Amino acid sequence: MQRRAFLLASSIVTATGLLLAAAAPAAAQSRQETLVVLVENGPNSLDIHGVGTSFRSYVAAWNMYDRLITFGRKTLPDGTLSYDYSKIEPELAESFTAAPDGKSFTFKIRRDAKFHDGSPVTAHDVKWSYDRAVSVGGFPTFQMAAGSLTKPEQFTAVDDYTFRVDLPKPDKLALPDMAVVVPAIFNSKLAKKNATEKDPWAMEWMKTNSAAGGAYKLEKWAPGQETVLVRNDDWKSGPLPKIKRVIMREVPSAGNRRALMERGDADISVDMPQKDAAELLAGKDGKYKVVGVPIENSLKYIGMVTTMKPFDDARVRQAIAYATPFDQIYKTAIYGRGIPMSDGPAGAPKDASWPQPFPVSTDLEKAKKLLAEAGYPNGFETTISIDLGDATASEPEAVLLQQSLAQIGIKTTIEKIPGANFRSAMLQKNRPLHIASFGGWLNFPDYYFFWGYHGQNAVFNTMSYKNEKMDALIDASRYEADPAKYKEQVMGFIKMSIDEMPRVPLYQQILDVGMQKNIKGYTYWFHRQLDVRQIEKL
Amino acid sequence: MLLLIGKRLLSAIPSVIGVLVVTFLLTRALPGDPAAYFAGPAATPQAIAEIRKSLGLDKSLPEQFVVYVKDLARGDLGNSIATGRPVLEEVRSRLPASLELTLLGLVVSVGIAVPLGVLAATRPGSWIDHSCRVITTAGVSLPAFFTGLLLIYVLYYLLGWAPAPLGRLDIFNSAPRDITGLYLVDSLLVGDLETFWAALKQLLLPAFTLAVFTLAPIARMTRASMLEVLSSDFIRTARASGLSPGKVVYAYAFRNAMLPVVTTLGMVFSFLLGANVLVEKVFSWPGIGTFAIEALIASDYAPIQGFVLTMALMYVLLNLAIDVLYIVIDPRVGFEA
């Protein structure tokens, strides 16, 4: 080969690059009917009942499947839309009634509802779906149990279009629990066709296939790449959605997600770093908008394992609280994208709202005094454990806490646990000081405390905290029918959590979603994923 | 030739078995508990135990190994828990993506590095030699993800020339019918030129990013090897016999200098295939490196084992291909070698 040929070859490579770059993008008209959504990670399963189904999968289950009932919507003071946990509305059921004794609910199924394959939805499908949720074990069974739904015997298909749920005793969480993502209604005929003797619930098949009847049908699912949904024009359980096609693309790099949004190549970006959100909100010429909604019933906190020295002493835990640099964490770790949970009114709680700011503020003198009283005038050494999966916020938080604790003599090292191992580390309950977060789907204070503080010692009680008096109050409030008594009980256990301080709440997180200015109808949902059904593109 | 290939394949069997055993043991030695991870956020110890049992992780290590080998014999690499799909299917869909990117990256790299190396060797000490040194040093010292981000920032974000870094195809193009899994090849096979251009446009930036990173070893190796050959006796003889300089350099010197370059290429290729995770992440490329890293983070055993096994087999085949290439380039390399 000649030298000239070599030079030619290399210049061709460069030239094709320039030529191709100039070629015009096609398919402009389908852009208007299509919603392009950017996510950091996509669903890992299409089956909401599957083993290991991640929270990223809720978006597929929520838009593809119907539930019997759903929550209403409300407008928040700043004009953004949110679901309303106090309003239960029919979805696949056209109506529902509660028995006078509160121990059963009867649902009338829509007679015109069809699954995506055209077969009608009957009460038998509903029964099969509920049976599946309480039988397969793991997360779905667990979530159903939160609303006293535990056994298939509780569910009866009275006739083809009537379905009844019986409860052992009245439970205020039962109805809301039937509106969460888990009790989705599956096409039981289709599922049974794909079940095997070893796998009666078709768990294997359902991972990658849909047996749904909801507002959107599955067009394509390429794990790790994209999920494409198309509108089900025969959907009867609500007003027909405006968006015809949804393309959810997985873009791992946050910088690229921002670039794609700013260039207008995508409509919605779901996983926004707090820094990006803060910058866009601060800029006057923001190219696209950010909608931030505080995540209900969810807190970032510092936990202290109360069974380990020196955190078995409430004064030490109080000292940590007073040594926490709340303001710095709020401003520099999360760029102000949260609701502060410190500096509450003295003598809190004043009411039964949750979450509410604790009456603590950064006061190193007080912290030192408390430490001295507890018998640690010179401090001690310990470890701060954080979740690397949440490193963008947790890492600066841990460093700020470390610096502040050093000033009262507490020497700390930071243990960074990879996201996948964080839960098993928390299960061991031997990480004396840790930064974690917990949120409950059902927005009730007693629900939060049942998982986060109760002596049953669930994984979320990362502090291994046990207080019989508090347990009694939590248990009583769970089934309390009298609002005045309920309020008293809730204020009771909130007060204990302040006095005993097993965890120091840092802030309530905000869910930031970026969207182009022509997107309307975005609604915040408890599951924190996108509900495409309400979105419009103007 | 066929005998050589057969022999080579046979001699690779022990190393593949070794790879099997080692990865099996290493994945089990990883910290973290897959059962606790996959039990989900609200798991009770009992739920975790159930999942451990359903994953077969309650059995002893030898028992687990027997199950693994039995499945493997049936061609079953197991299921990825994180993505819910069979590992074989994942590898089949992701390996071509990585292969296509890596191959094109190498083609671009060779297209630049080999001429550069040859020019630098024929004119040692000249400006072209110096610029060769500067370019390769710069290429190797820029981390691949940085080059990638820089290219995206300038060519996509600022100028809008390059397509959005959204993986193998733009949002509104659909993949060609799956024949080889390489979009460029498949779209040409079915005669779909539009998809071919779309796929090529998506490939250019990441391929160029990889090329920049791999310029250095190839260009340096070409230069060194050319210099050595050019100073050898047979070149002096050829020159003394009055052959034209072009004939001497390209027909005699270049061909003889190619052996070490091909070896380097093989090394670079197998290294890139698994190691271009960062480039894959930056360009949202659904490649096999990303898949393996994510499985590793989640302690998802089956995909890790599947990945290492695939890589081991690829490596065996690659070495074989290089040996065959040797024979083609240099007939003196015997069939028995």
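Every value quoted in this text rests on a predicted model; they were computed, and no experiment measured them. No hydrogens, no waters, no symmetry mates; every other heavy atom, side chains included, goes into these values.
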With sequence neighbours excluded, residues passing side chain to side chain donor-acceptor pair (under 3.5 Å) with A/Asp267
A/Arg31, A/Lys537

Engaged part of B/Leu166 at the chain A interface, taking heavy atoms whose separation is under 4.5 Å
both

Only pairs under 3.5 Å count here: list side-chain donor-acceptor contacts from residues 220-230 of chain A, not counting sequence neighbours, and write none if there are none.
unit_1: A/Lys220; atom_1: NZ; unit_2: A/Glu226; atom_2: OE2; d: 2.7
unit_1: A/Glu226; atom_1: OE1; unit_2: A/Arg249; atom_2: NE; d: 3.0

Is any side-chain heavy atom of B/Ser284 closer than 4.5 Å to one of A/Pro252?
yes

Chain B contact via A/Ile247 - side chain, backbone, both or neither, heavy atoms under 4.5 Å
side chain

Heavy atoms of B/Tyr157 and A/Arg263 approach each other most closely as O-NH1, 3.1 Å

Just how far is it from atom CG of A/Leu260 to atom OH of B/Tyr156, taken to the nearest 0.5 Å?
4.0 Å

Gap between atom CG of A/Asn44 and atom CD of B/Glu294 - 0.5 Å precision:
10.5 Å

When the 4.5 angstrom heavy-atom criterion is applied to A/Val36 and chain B, the contacting part is side chain

If you count the non-hydrogen atoms of other residues, nucleotides and ligands that lie under 6.0 Å from OH in B/Tyr252, is the total more than 12?
no

Is it the side chain or the backbone of A/Gln143 that comes within 4.5 Å of chain B heavy atoms, both, or neither?
neither

For the side chain of A/Asn256 and the backbone of B/Val282, is there at least one donor-acceptor N/O pair under 3.5 Å apart?
yes

